[in-house]
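Below is one structure, written out as structure tokens; the observations come after it.
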Amino acid sequence: MHELSICQSIMQQLEQIAKDNHADQIDSIYLQIGPLSGVEPELLKQAFPLAAAGSCASQASVHITVPPIRVHCEICGEESPATANRLLCGACGDYHTRVISGDEMLLNSVELTKRSEEMSYV
Amino acid sequence: MCDTCGCNITASNQHLIKPGGKLHAVKQTTTAVTILQGLLSENDQTARHNRQHFDRHGVLAINLMSSPGSGKTSLLEATLDVISPDLRVAVIEGDLETENDAERIRRKGVTAIQITTGNACHLDAHMIHDALHSLPLEELDIVFIENVGNLVCPASFDLGQHLNVTLLSVTEGDDKPSKYPVMFRAADLVLITKTDLLHVLDDFDVQTAEKNLRNLASQVPLIALSSRQQHGISEWLDWLEHQQDEQLQRLKNGTTRQPTIQQDGQRLHADL
């Protein structure tokens with residue numbers, strides 16, 4: 001869903017990050033995309049080179065971690081794994097739970113190439 | 001075809017991928033930088049700005065989402081018949097094409113702005129921002145945003161609203177909350193619509209739909225109603241009145257609110 005427009009949004013962030021860090025090039029980006037985020041990792045990887053074309057991130061490799069879905073139960077206090085459409089507490093079965101992992105849509109970190117103090121010209 | 005999902009990347013797009021040239025050779029070091037920003041942070045920034053606009057003028061903003069044809073516009077028509085003009089309401093309509101829905105609202109004597117998105121299958125914060133410039137917010141109590149009919153994409157885009165309402169009509173099947181968890185989790189209220197048709201259907205059970213909703217760890221109210229036959233409408237109006245009271249309280253306290261699921265997500269994950 002909207003992986004290309006999300007890549008365009010990532011690109012805006014990367015351009016700012018590159019500027020803030022005096023970097024020529026973004027080498028890698030690390031994303032966390034949870035199963036409940038509404039974003040499909042494979043489509044995002046396909047869309048990224050298009051959004052990044054001609055930019056500081058045109059050569060960047062895209063690494064996506066998919067965190068597991070986990071919930072915290074407000075009734076018994078336990079944390080347990082869950083699935084996208086069954087988010088009940090694994091311990092007591094109650095539905096008063098909160099998702100603590102699995103709905104992320106985050107740009108975690110980037111690796112970038114900074115210009116150093118010395119410059120040489122060709 | 002949606003122009004933002006990436007499904008239209010083809011061989012003819014390849015000319016966009018070309019390496020840039022570098023004129024200087026520089027001594028380089030590679031550094032890792034931790035960011036922890038949400039991927040939609042640009043949309044979210046505009047959404048926060050919209051929310052501030054609404055709050056500054058004391059306006060309650062409610063986003064209606066559902067499949068196409070679930071009865072969003074009909075619900076608004078039935079609602080406006082009761083609450084307007086005692087409550088000052090405006091509606092922002094979102095559709096790919098036509099002004100049909102805005103015209104239906106205008107026939108009720110209520111201001112409606114139609115956003116025609118062209119190919120975009122959801123509204124986003126920028127579109128709402130532009131629409132807000134055409135609304136006299138200082139003269140309004142409630143703005144309803146009727147999102148594009150789509151049970152997938154609208155759920156992920158903060159528009160600056162305070163509340164999300166997801167509609168599910170009885171002809172769509174009671175398993176849809178299980179099939180579309182993101183959309184149903186995004187709701188602060190779920191409405192089962194077109195209950196006037198239940199007697200001709202043998203495959204929709206309101207309690208099953210509610211069970212599927214609860215399985216998503218959703219604690220929000222579920223109201224079954226019929227806009228045509230005025231069943232359940234008073235429960236919906238009570239909920240609206242309660243939300244307005246809460247909005248007035250928040251304005252006194254100088255606080256705001258976002259749709260419940262977004263509050264959770266931000267609290268847990270992103271450093272915005």
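Convention: sequence-line order gives letters A, B, ...; per-chain numbering from 1.
Remark: A:Asp27 engages no residue in a salt bridge (Lys or Arg N to Asp or Glu O under 4.0 Å) (not counting sequence neighbours). Remark: B:His126 engages no residue in a ring-ring contact (aromatic ring centres under 6.0 Å, His included) (not counting sequence neighbours).
The interface of residues 62-74 of chain A with chain B, defined by heavy-atom distances below 4.5 Å, comprises A:Glu74.
Residue pairs meeting the salt bridge (charged side-chain N to carboxylate O under 4.0 Å, His left out) criterion with at least one member in residues 160-184 of chain B, sequence neighbours excluded, are B:Asp175-B:Lys179.
Note that the CG atom of B:Leu168 and the OG atom of B:Ser66 stand 9.0 Å from one another [nearest 0.5 Å].
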When you look at B:Leu40 and A:Met105, which way does the side chain to side chain contact (heavy atoms under 4.5 Å, CB included) test go after all the steps? CA-CA 8 Å; B:Leu40 290 173; A:Met105 210 199 296; 3.8 Å; yes

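None of B:Asn63, B:Thr260, B:Asn164 except one satisfies the side-chain hydrogen bond (donor to acceptor under 3.5 Å, both in side chains) rule with B:Asp188; the exception is B:Thr260.
Side chain of A:Glu104 to backbone of A:Gly102: a donor-acceptor contact under 3.5 angstrom is found.
Most heavy-atom pairs under 4.5 Å with chain B, from the set A:Thr83, A:Leu107, A:Ile17: that is A:Leu107. Per-residue heavy-atom pair counts under 4.5 Å with chain B were compared for A:Glu111, A:Gln13, A:Gln32, A:Gln12, and the maximum is reached by A:Gln13.
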